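Data first, discussion second: the structure below is written as structure tokens.
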Amino acid sequence: MTIDRATALELYRVMRTIRSFEERSTQLFGENKIWGTIHSYAGEEAIAAGVCAHLRDDDWITSTHRGHGHCIAKGADLGKMFAELLGRETGYCRGRGGSMHIADTSKGNLGANGIVGGGIPIATGAALTAQQLGTDQLAVSFFGDGAANQGTFHESLNLAAIWKLPVIYVCENNQYAESLPVKRAFAVEDIAVRASGYGMPGLRVDGRDVRKVHEAAGEAVGRARSGKGPTLLVADSYRHEGHYYGDPRKYQSKDEIEGWRKRFDPIADARAWIVADRLAGEADLEAIDRGVAQEIDRAVAWAEQGPPASPIKLPEDVYAT
Amino acid sequence: MTIDRATALELYRVMRTIRSFEERSTQLFGENKIWGTIHSYAGEEAIAAGVCAHLRDDDWITSTHRGHGHCIAKGADLGKMFAELLGRETGYCRGRGGSMHIADTSKGNLGANGIVGGGIPIATGAALTAQQLGTDQLAVSFFGDGAANQGTFHESLNLAAIWKLPVIYVCENNQYAESLPVKRAFAVEDIAVRASGYGMPGLRVDGRDVRKVHEAAGEAVGRARSGKGPTLLVADSYRHEGHYYGDPRKYQSKDEIEGWRKRFDPIADARAWIVADRLAGEADLEAIDRGVAQEIDRAVAWAEQGPPASPIKLPEDVYAT
Amino acid sequence: MPPKTATTTEPRPGAGGQSSSTREMFYNEALNEALRLEMERDERVIVIGEDIAEHGGAFQVTAGLLDRFGPTRIRQTPISEIGIVGAAVGAALTGLRPIVELMYVDFSGLAMDQIVNQAAQNRFMFGGQARVPMVLRTQGGSGRGNAAQHSKSLEAWFAHVAGLKLVMPATPADAKGLLTAAIRDDNPVIFLEHKLLYRTKGAVPEGEHVVPLGQADIKREGTDLTIVTWSREVLFALEAAATLADQGIAAEVVDVRTLVPLDKARILASVRKTHRVLVVHEAIKRGGYGAEIAAMIAEEAFDELDAPPKRLAGLDTPIPYAQHLEKSVVPQAGDIVAAAKELVG
Amino acid sequence: MPPKTATTTEPRPGAGGQSSSTREMFYNEALNEALRLEMERDERVIVIGEDIAEHGGAFQVTAGLLDRFGPTRIRQTPISEIGIVGAAVGAALTGLRPIVELMYVDFSGLAMDQIVNQAAQNRFMFGGQARVPMVLRTQGGSGRGNAAQHSKSLEAWFAHVAGLKLVMPATPADAKGLLTAAIRDDNPVIFLEHKLLYRTKGAVPEGEHVVPLGQADIKREGTDLTIVTWSREVLFALEAAATLADQGIAAEVVDVRTLVPLDKARILASVRKTHRVLVVHEAIKRGGYGAEIAAMIAEEAFDELDAPPKRLAGLDTPIPYAQHLEKSVVPQAGDIVAAAKELVG
Ligand SMILES: Cc1ncc(C[n+]2csc(CCOP(=O)(O)OP(=O)(O)O)c2C)c(N)n1
Ligand SMILES: Cc1ncc(C[n+]2csc(CCOP(=O)(O)OP(=O)(O)O)c2C)c(N)n1
Ligand SMILES: [Mg+2]
Ligand SMILES: [Mg+2]
């Protein structure tokens with residue numbers, strides 16, 4: 001499939017933004033400005049970018065502990081994201097959530113989730129809303145290979161299949177669930193085969209090639225929008241960093257890490273094919289890079305100016321009135 | 001596959017015992033002698049009988065709310081079963097358990113279970129014991145079509161597959177989970193296809209033909225005993241009675257019930273082929289029937305003589321000391 | 001976040017004010033009526049659960065609703081507790097007002113993650129971005145020989161979760177009024193029925209009937225001691241109070257009705273009047289919600305108490321099967337009488 | 001039911017008596033040592049959990065055990081909480097003595113059915129036919145910016161389940177001694193660690209060290225008031241007691257250690273001595289286990305109390321992310337000082 005210049009550059013920009021966001025948040029974490037835990041999405045950018053390119057603001061996603069990329073691809077404000085990580089009142093969740101709990105309901109992001117597999121039923125329910133109210137919205141659930149062994153995966157995919165819900169299950173197979181390699185977590189080579197147990201299509205795609213992700217996601221989105229039901233989309237990928245910031249990665253060899261990082265770099269790949277296919281030149285891409293860098297700088301500066309989250313009314317924040 | 005006379009008659013005897021047990025407990029329930037809820041296994045006898053014929057006393061099973069048949073096939077004492085239903089101190093669980101919680105650990109029956117899908121991980125853990133201790137024991141988990149949509153099914157089958165545990169998952173597809181027909185609970189026609197998602201063999205068998213169940217179970221048992229790992233065995237069947245004693249069965253037509261009851265009667269079928277294949281004559285079968293009837297009578301009489309369960313020391317029964 | 005192309009209309013306002021005429025009905029009929037009226041009033045209200053369609057629910061609370069509202073609004077599901085509850089959370093976040101029927105509260109152990117980590121905490125974690133207007137209806141309690149996995153009383157688990165409301169009606173009228181309020185609430189509400197209350201009868205207001213969450217109800221007035229209780233034990237307490245009255249002891253029976261938010265004011269007012277309190281519940285005593293109420297009273301009305309605040313609750317055992325065993329582990333009316341006399345005497 | 005062809009040997013008896021020499025170590029090292037010693041002593045002991053192998057567990061409690069015992073006894077699993085806990089139940093029923101590491105107590109909502117309906121109730125339901133010798137080790141509490149889904153304190157849920165024992169050690173020595181006792185217990189034991197205790201240090205007896213379940217420990221003696229608490233709040237209470245001592249108030253700190261069974265005698269004895277009691281815990285106040293203890297004291301030592309039994313606990317909110325918010329919802333040492341002074345003054 002061919003991809004046009006505008007789409008290619010937009011996909012590139014989104015991926016570049018995610019990578020830069022991760023680089024900067026890693027840096028801020030190292031400077032002890034970010035508290036708690038962060039999980040870098042570096043290396044997996046093509047998945048969020050390729051899928052979310054098809055979504056409208058009123059489509060919903062559920063995300064994971066490794067959620068910055070999904071959030072950005074769904075159109076979030078970077079300043080509010082950084083402000084959240086920095087524990088500011090101006091953050092998306094007013095400092096209550098942190099990295100594992102950023103939501104942006106204005107863009108249909110129902111939230112990151114600290115419970116592995118926790119978002120899968122929620123996306124299913126969002127798709128139920130669309131079906132029930134007769135809209136053409138759809139829902140996407142992003143989750144990892146690890147989450148595919150949770151009971152929520154099983155129950156949700158079955159519900160979606162029998163009800164033909166407009167939902168796409170995007171399994172990001174980054175080869176590990178914390179320290180456990182997929183090879184030891186599954187007795188099957190291809191996670192997508194599970195789809196057949198629910199009677200839904202299962203697609204496996206090279207998750208480092210944003211064109212392929214984009215194409216497969218387009219198919220799944222078309223199916224969902226036209227009432228044809230759910231899809232399981234498994235994207236093979238690799239996380240460049242450890243499971244979390246500070247992971248000693250005892251379970252991986254240096255060789256593996258270096259080799260795979262190079263083989264799985266959706267951004268470097270994209271630069272290469274964009275130039276090779278003459279969709280744009282190096283200069284265009286560098287301009288995008290500079291724009292992204294500036295945007296990140298501005299976002300961090302804005303976030304750092306925000307007041308610390310206020311503890312005054314926490315008890316009133318529990319219930320809606 | 002051919003089956004010899006001794007095996008055929010023993011399978012027939014077990015099935016006949018289960019049916020008679022269910023008939024009698026239904027009667028006792030109608031007489032208000034049994035409290036709580038009972039779920040009849042009538043119509044599904046071939047599954048428990050065909051599978052358990054391969055098991056030793058030190059192999060384990062986990063059972064369900066519809067558990068009388070498994071319990072009997074695993075060699076339980078009928079008197080103690082009736083005593084349990086009647087709330088006697090002489091019952092298997094000293095009146096604490098009732099129909100949904102009969103266990104007979106002396107015969108490897110780890111217990112019926114009131115939680116749909118609750119026994120699946122437990123059987124998996126029993127198989128882990130066998131593997132860990134290097135024995136050749138195995139575990140069988142019986143569960144319904146309904147349970148196959150529980151998260152426990154998914155998580156357990158995957159664990160068993162990656163660890164190659166000696167366990168057999170026997171899904172009794174009796175066409176309904178309470179009032180929900182399988183057609184509305186699954187978007188696939190064959191539940192056994194799910195096995196491929198875990199990398200284990202999935203067999204589907206006609207659950208009303210005890211010969212076929214026996215043969216398929218033999219294959220699965222051989223695999224488990226020889227360290228080749230788990231099997232999913234799906235047996236198509238039909239429950240003759242309502243979901244529970246007293247079920248108004250609003251979700252089924254009279255025609256369906258009558259038609260299916262006739263089409264799915266493993267005991268009538270067995271009589272037919274036993275005689276047709278000249279493994280035994282009508283007279284032999286009637287002798288078995290009479291023997292079973294006497295055994296049931298004796299068991300009920302014994303159970304009714306037992307003292308009511310004693311409430312005195314209930315708090316001391318909670319913890320092992 | 002209302003869906004862009006949604007065709008829902010805002011719910012039409014209620015008929016206005018509470019009706020004064022009443023009709024005798026069973027507790028499960030009262031619940032059924034609340035569901036029906038709210039589903040008629042607001043098309044965003046749907047019911048999700050097992051066995052709720054043709055069969056009408058394990059306790060017939062949804063009987064007839066399938067015919068009235070069809071299979072998309074009465075969504076019968078496979079047996080997938082966490083999937084269902086999670087789907088309700090997602091639906092609630094995106095514009096529906098789902099009611100989940102969980103067949104037995106004992107099964108909540110399968111769905112607790114979605115109840116707690118997702119439904120209850122969503123609003124707080126995400127800084128108030130969303131609302132989770134859902135009701136989890138289920139039932140608990142012993143008395144039908146269903147044994148240990150179908151007879152528990154687990155309100156203490158839910159009470160200990162920030163972000164949930166918790167309701168346990170004892171009468172048909174309260175069942176209708178509180179369920180209506182729960183459905184209209186914008187928070188996740190755990191609504192616990194009792195299997196032995198379904199076939200109890202009482203006068204229920206016709207038409208729209210709302211009992212606001214957070215108000216205890218004095219089910220009987222008295223001056224000698226306060227019995228604080230909820231759910232089925234309210235009936236036992238009333239029975240006990242009648243017996244006690246014959247013996248010259250005037251017990252006041254406070255039906256908590258809503259465990260969260262708790263109507264501390266009404267409970268404390270009663271204690272200030274009687275100076276003696278007996279907290280009664282069916283759940284096991286250790287860590288039961290009775291401890292919360294007794295501790296709260298001890299803390300906030302210590303000087304008003306003429307006797308130690310006493311709890312009468314289930315024995316610390318699972319519920320056994322046999323009928324006489326079952327009764328022996330859960331407070332019966334006679335046990336309340338005995339405990340009250342000890343407290344007063 | 002010992003397996004027919006099992007090759008296990010019975011555990012060899014302990015070295016005999018408790019060791020008197022001690023060694024300084026971290027709380028997680030003390031746990032690690034208990035695991036190692038018990039696995040050496042009894043080959044039926046295995047560990048099941050996520051991330052416990054090469055990585056050594058999220059908090060390094062199983063560090064080094066993979067090398068020592070190999071991948072079948074250190075069973076690293078996929079992310080399947082209910083599957084894992086259920087497998088442990090099955091293994092415990094059939095001859096192993098499994099220890100499950102659940103990474104965060106907040107995930108117990110995924111496994112609660114197997115914990116409660118299966119592990120805890122098995123023995124009772126089946127009339128005493130089986131034993132379920134398993135330990136569920138997990139950790140809770142706030143203080144690391146992990147926010148609402150990784151910071152809860154859920155002991156009250158487990159305390160309210162008939163059939164579970166419940167342990168929450170505060171010091172390295174107790175961690176080792178209580179874990180050893182838990183592993184040797186024939187019942188399902190919930191063993192709750194605290195994420196901020198792992199890197200606290202203390203003297204730990206060498207070799208075999210068993211602290212029997214069910215014994216509270218007076219961590220500091222005093223005469224003016226009793227502070228009853230557990231887990232990390234013990235450290236805050238000791239800090240507060242030191243501050244109070246400077247101000248002339250002698251606080252006694254009772255570390256409950258085992259919430260079930262509860263050492264009522266030792267708690268009540270302290271209250272009879274000081275006549276004032278403050279119960280402190282990190283979990284949210286509403287329905288927390290502090291209510292059980294306060295209610296128990298109010299019920300059983302009413303006449304001994306010179307002031308209302310007071311509870312100081314977490315605010316009724318989920319745990320927020322930002323560090324200063326996190327601290328503001330959970331009792332700190334200063335909060336204990338203030339509450340104690342109010343109670344005494
Ligand atoms: C229910 C649950 N179990 C365990 C964890 C701890 N945990 C956090 S991330 C993670 C690995 C998730 O793996 P995967 O789904 O593949 O996502 P990835 O981190 O690789 O993106 C685990 C085990 C958790 N947060 N929730
Ligand atoms: C976790 C759980 N959910 C729901 C129920 C209520 N329930 C009891 S039996 C049953 C149907 C089970 O269907 P299936 O697994 O097919 O077994 P069958 O009754 O057909 O033998 C249901 C829903 C339960 N006991 N446990
Ligand atoms: Mg992964
Ligand atoms: Mg069935």
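Sequence lines set the chain letters: A, B, ... in the order given, protein chains first and strands last, and positions in each chain run from 1. Note that this is a predicted model, so its numbers are computed, not measured.
For K228(A), the NZ atom is loosely surrounded, since the number of other residues' heavy atoms within 6.0 Å does not exceed 12. Within a 6.0 Å radius of NZ in K250(B), other residues, nucleotides and ligands contribute more than 12 heavy atoms.
Heavy atoms of E189(A) lying under 4.5 Å from chain B are absent altogether. Residue contact with chain A, scored on non-hydrogen atoms closer than 4.5 Å, is absent for A192(B). Proximity to chain B is absent for every atom of A160(A), based on heavy atoms less than 4.5 angstrom apart. For chain B, no part of A195(A) is nearby; none of its heavy atoms comes within less than 4.5 Å.
With chain A as the partner, the residue from T152(B), I191(B), I162(B), D190(B) showing the most heavy-atom pairs under 4.5 Å is I162(B).
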For the pair L157(A) and H154(B), evaluate side chain to side chain contact (heavy atoms under 4.5 Å, CB included) and give the outcome as yes or no after the intermediate values.
CA-CA 12 Å; L157(A) 269 71; H154(B) 181 65; over 6 Å; no

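Residue E155(B) holds its CD atom at 8.0 Å from CG of N149(A), rounded to the nearest 0.5 Å.
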